[in-house]
Colleague: 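Would you mind keeping the following structure in view while I ask a few things?
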Amino acid sequence: MKILYLSTIIGTIDSFLIPHLRLLSEQGHVVDVAGNFTTKISKELKTATKNCYNLPLQRNPLNINNINALKRLLILIKKNAMNFKIVEK
């Protein structure tokens with residue numbers, strides 16, 4: 001299964017989700033990450049995922065950059081033949 005973690009703050013994924021990403025990869029899943037990379041991608045994140053995609057996502061839902069990010073996200077999903085599911089807490 002292909003899994004794409006999407007976040008406006010990559011630091012959240014880098015700080016808290018690396019063990020989950022590794023576990024999913026070890027279970028045979030293809031794990032990718034997409035988000036607004038404002039800092040350098042850590043070695044841990046690079047090794048835990050197959051691909052890291054930079055999308056200009058902003059936390060403010062009214063920010064105009066989110067329209068461009070959504071377009072790029074849809075292209076990314078189509079190009080990589082991903083199915084998607086929205087997961088909330």
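Only heavy atoms go into these numbers, but all of them, side chains included; no hydrogens, no water, no symmetry mates.
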Colleague: Rounded to the nearest 0.5 Å, what's the gap from CZ on Arg22 to OG1 on Thr49? Could you check?
Modeller: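 Arg22 CZ to Thr49 OG1: 10.5 Å, rounded to 0.5 Å.
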
Colleague: By side chain to side chain contact (heavy atoms under 4.5 Å, CB included), which residues pair with Ile67, not counting sequence neighbours?
Modeller: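 Side chain to side chain contact (heavy atoms under 4.5 Å, CB included) list for Ile67, sorted by chain: Ile64, Lys71.
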
Colleague: Roughly how far, to the nearest 0.5 Å, is the CG atom of Leu55 from the CG atom of Leu70?
Modeller: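 CG of Leu55 is found 9.5 Å from CG of Leu70.
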
Colleague: Using side-chain contact (heavy atoms from CB on, under 4.5 Å), reason through Asn80 and Tyr53 one step at a time and then give a plain yes or no.
Modeller: CA-CA 12 Å; Asn80 292 293; Tyr53 300 102; 3.6 Å; yes

Colleague: To check you understand the geometry: which heavy-atom pair defines the closest contact between Leu57 and Ser7, and what is its length?
Modeller: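 Looking at all heavy atoms of both residues, the shortest contact is CD1-O, 3.6 Å.
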
Colleague: For residues 9-17, please give each side-chain donor-acceptor pair under 3.5 Å, one per line with the distance, not counting sequence neighbours.
Modeller:
unit_1	atom_1	unit_2	atom_2	d
Asp14	OD1	Ser42	OG	2.7
Asp14	OD2	Ser42	OG	3.1
Ser15	OG	Gly11	O	2.8

Colleague: Check whether any side-chain heavy atom of Phe37 lies under 4.5 Å from a side-chain heavy atom of Leu45, and answer yes or no.
Modeller: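 Yes, at least one pair of side-chain atoms sits under 4.5 Å.
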
Colleague: With sequence neighbours excluded, tell me which residues meet side chain to side chain contact (heavy atoms under 4.5 Å, CB included) with Lys50.
Modeller: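 For Lys50, the residues satisfying side chain to side chain contact (heavy atoms under 4.5 Å, CB included) (neighbours in sequence not counted) are Val30, Asp32.
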
Colleague: Is there a continuous path of hydrophobic side-chain contacts, each under 4.5 Å between heavy atoms, that joins Ile75 to Val33?
Modeller: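 No; tracing contacts between hydrophobic side chains, which count when under 4.5 Å, never links both residues.
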
Colleague: Looking only at heavy atoms, what is the nearest atom pair of Arg72 and Pro56, with distance?
Modeller: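 Reported closest heavy-atom pair: NH1-CD, 3.3 Å.
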
Colleague: Nearest 0.5 Å, please: how far is CG in Asn51 from CG in Leu76?
Modeller: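 Nearest 0.5 Å value for the CG-CG distance: 8.5 Å.
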
Colleague: Shortest non-hydrogen contact from Ala48 to Ser25?
Modeller: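 Shortest heavy-atom contact: O-OG, 2.9 Å.
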
Colleague: Just to verify, what does Gln58 make a side chain to side chain contact (heavy atoms under 4.5 Å, CB included) with, not counting sequence neighbours?
Modeller: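 Here the qualifying residues are Asn36, Asn63, Asn65, Asn66.
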
Colleague: Holding to side chain to side chain contact (heavy atoms under 4.5 Å, CB included), I want the full list of residues that pass it with Leu24, two or more places apart in sequence or in another chain.
Modeller: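 Leu24: side chain to side chain contact (heavy atoms under 4.5 Å, CB included) contacts with Ile3, Tyr5, Gln27, His29, Val31.
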
